[in-house]
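Here is the structure we will look at, set down as structure tokens.
Not measured: the values here are computed from a predicted model.
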Amino acid sequence: MHLCRKLGTTLLRSRITETEAYLAEGDAASHSSIGVRPRNRWMFGPPGSLYVFAIHARCCLNAVTESEGIGSAVLIRSLEPLEGIDLMKQRRQREKIGELTCGPARLCEAYGIDLSHNGLLLFQRKQLWLESPLEPKVQATEHIEATPRIGISKAKELPLRFILKGNSFLSRSS
DNA sequence: TGATTGATGAGCT
DNA sequence: GCTCATCAATCAG
């Protein structure tokens with residue numbers, strides 16, 4: 001899918017290349033595992049809403065997946081920039097395209113996403129939304145692969161990170 | 001070898 | 001329990 005963002009008069013569009021799933025049950029790494037708290041309450045919102053959390057003075061973006069009250073979401077970890085690249089460079093203070101949106105906190109900075117976007121509904125297509133591209137979603141040289149998640153200390157073994165293998169816009173090389 | 005990043009964890013209430 | 005930014009890991013030069 002493409003992640004689209006209206007920022008002033010500029011349209012940002014990028015292809016999602018890497019995500020991680022965080023489950024409602026049996027997942028110690030999931031923020032929802034401790035129950036509803038002020039910090040994580042947006043993770044229990046309706047499907048298609050946003051859960052944005054702050055970590056190390058930065059933000060990370062999740063899309064809530066399950067029904068309201070369940071507490072399951074997908075962390076967007078990396079993007080391949082397609083449109084609005086100049087604005088992303090400006091926001092990130094970086095010239096290299098590979099440093100704009102590769103990494104969960106990087107893409108939030110490039111897209112201007114912060115805690116104020118918590119609860120935003122993706123399907124309302126206002127500030128932030130998803131679009132299904134017309135061209136093939138996965139190129140012939142790519143395929144989706146599941147790997148263990150990155151940067152967590154609990155439930156490391158679960159294969160809940162999904163990458164577009166063959167695409168260079170991932171949060172980590174390999 | 002220096003910079004950047006980050007589903008944490010120390011410290012305070 | 002909540003706030004808020006460390007420093008280890010990883011990557012770029």
Exercise. So what does A:Glu99 hit on the nucleic acid, given a heavy-atom distance under 4.0 Å: a base, only sugar-phosphate, or nothing?
Worked result: sugar-phosphate

Problem set entry | Gap between atoms CG and C1', on A:Leu100 and B:dT4 respectively (whole Å) | 14 Å

Problem set entry | A:Arg92 side-chain N/O to B:dT5 phosphate OP1/OP2 under 4.0 Å | yes

Seminar exercise, completed: When rounded to the nearest 0.5 Å, the distance separating CZ of A:Arg77 from CZ of A:Arg161 is 6.5 Å

Exercise. Is it true that A:Glu109 and A:Arg91 make a salt bridge, defined as a side-chain N closer than 4.0 Å to a carboxylate O?
Worked result: no

For this session: Output the single nucleotide from B:dG6, B:dG9, B:dT4 whose closest atom is nearest the side chain of A:Arg94.
Result: B:dT4

Exercise. Among B:dG6, C:dG1, C:dC11, which nucleotide sits nearest the side chain of A:Arg58?
Worked result: B:dG6

Exercise. Where the side chain of A:Arg37 is concerned, which of C:dC2, B:dG6, B:dT8 is the nearest nucleotide?
Worked result: C:dC2

Seminar exercise, completed: Whole-Å distance, A:Ile34 CD1 to B:dG9 P, equals 13 Å

Exercise. Between C:dC2, C:dT10, B:dT5, which nucleotide has the shortest distance from any of its atoms to the side chain of A:Pro38?
Worked result: C:dC2

Exercise. Want to settle it: does A:Ala105 or A:Lys154 sit nearer the 5' end of DNA chain B, counting the closest nucleotide to each?
Worked result: A:Ala105

Exercise. Nearest-Å distance, CZ (A:Arg172) to P (B:dT4)?
Worked result: 18 Å

For this session: Tell me what A:Ala57 touches on the nucleic acid: a base, only sugar-phosphate, or nothing, going by heavy atoms under 4.0 Å.
Result: base

Problem set entry | Euclidean distance, atom CD1 of residue A:Ile55 to atom C1' of B:dT8 [Å, nearest integer] | 5 Å

For this session: Let me know the distance between CZ of A:Phe53 and P of C:dA5, rounded to the nearest Å.
Result: 17 Å

For this session: Round to the nearest Å and state the distance from A:Leu170 atom CG to C:dC11 atom P.
Result: 11 Å

Exercise. So if you build clusters from Ile, Leu, Val, Met, Phe, Trp, Tyr with side-chain heavy-atom gaps below 4.5 Å, do A:Leu120 and A:Tyr51 land together?
Worked result: no

Problem set entry | Nearest-0.5 Å distance, CG of residue A:Leu128 to CG of residue A:Leu12 | 9.5 Å

Exercise. Base, sugar-phosphate, or nothing: which does A:Arg39 touch, judged by heavy atoms less than 4.0 Å apart?
Worked result: base

Exercise. Distance between the C1' atoms of B:dT4 and C:dA5, in whole angstroms?
Worked result: 15 Å

Problem set entry | OP1 or OP2 of B:dT4 under 4.0 Å from side-chain N/O of A:Arg106 | no

For this session: Find the distance A:Ile97:CD1 to C:dA12:P and express it as a whole number of Å.
Result: 15 Å

Problem set entry | For atom CG of A:Leu115 and atom C1' of C:dC4, their distance in whole Å | 12 Å

Exercise. Can you find a heavy atom in the side chain of A:Asn62 that is under 4.5 Å from one in the side chain of A:Val52?
Worked result: no

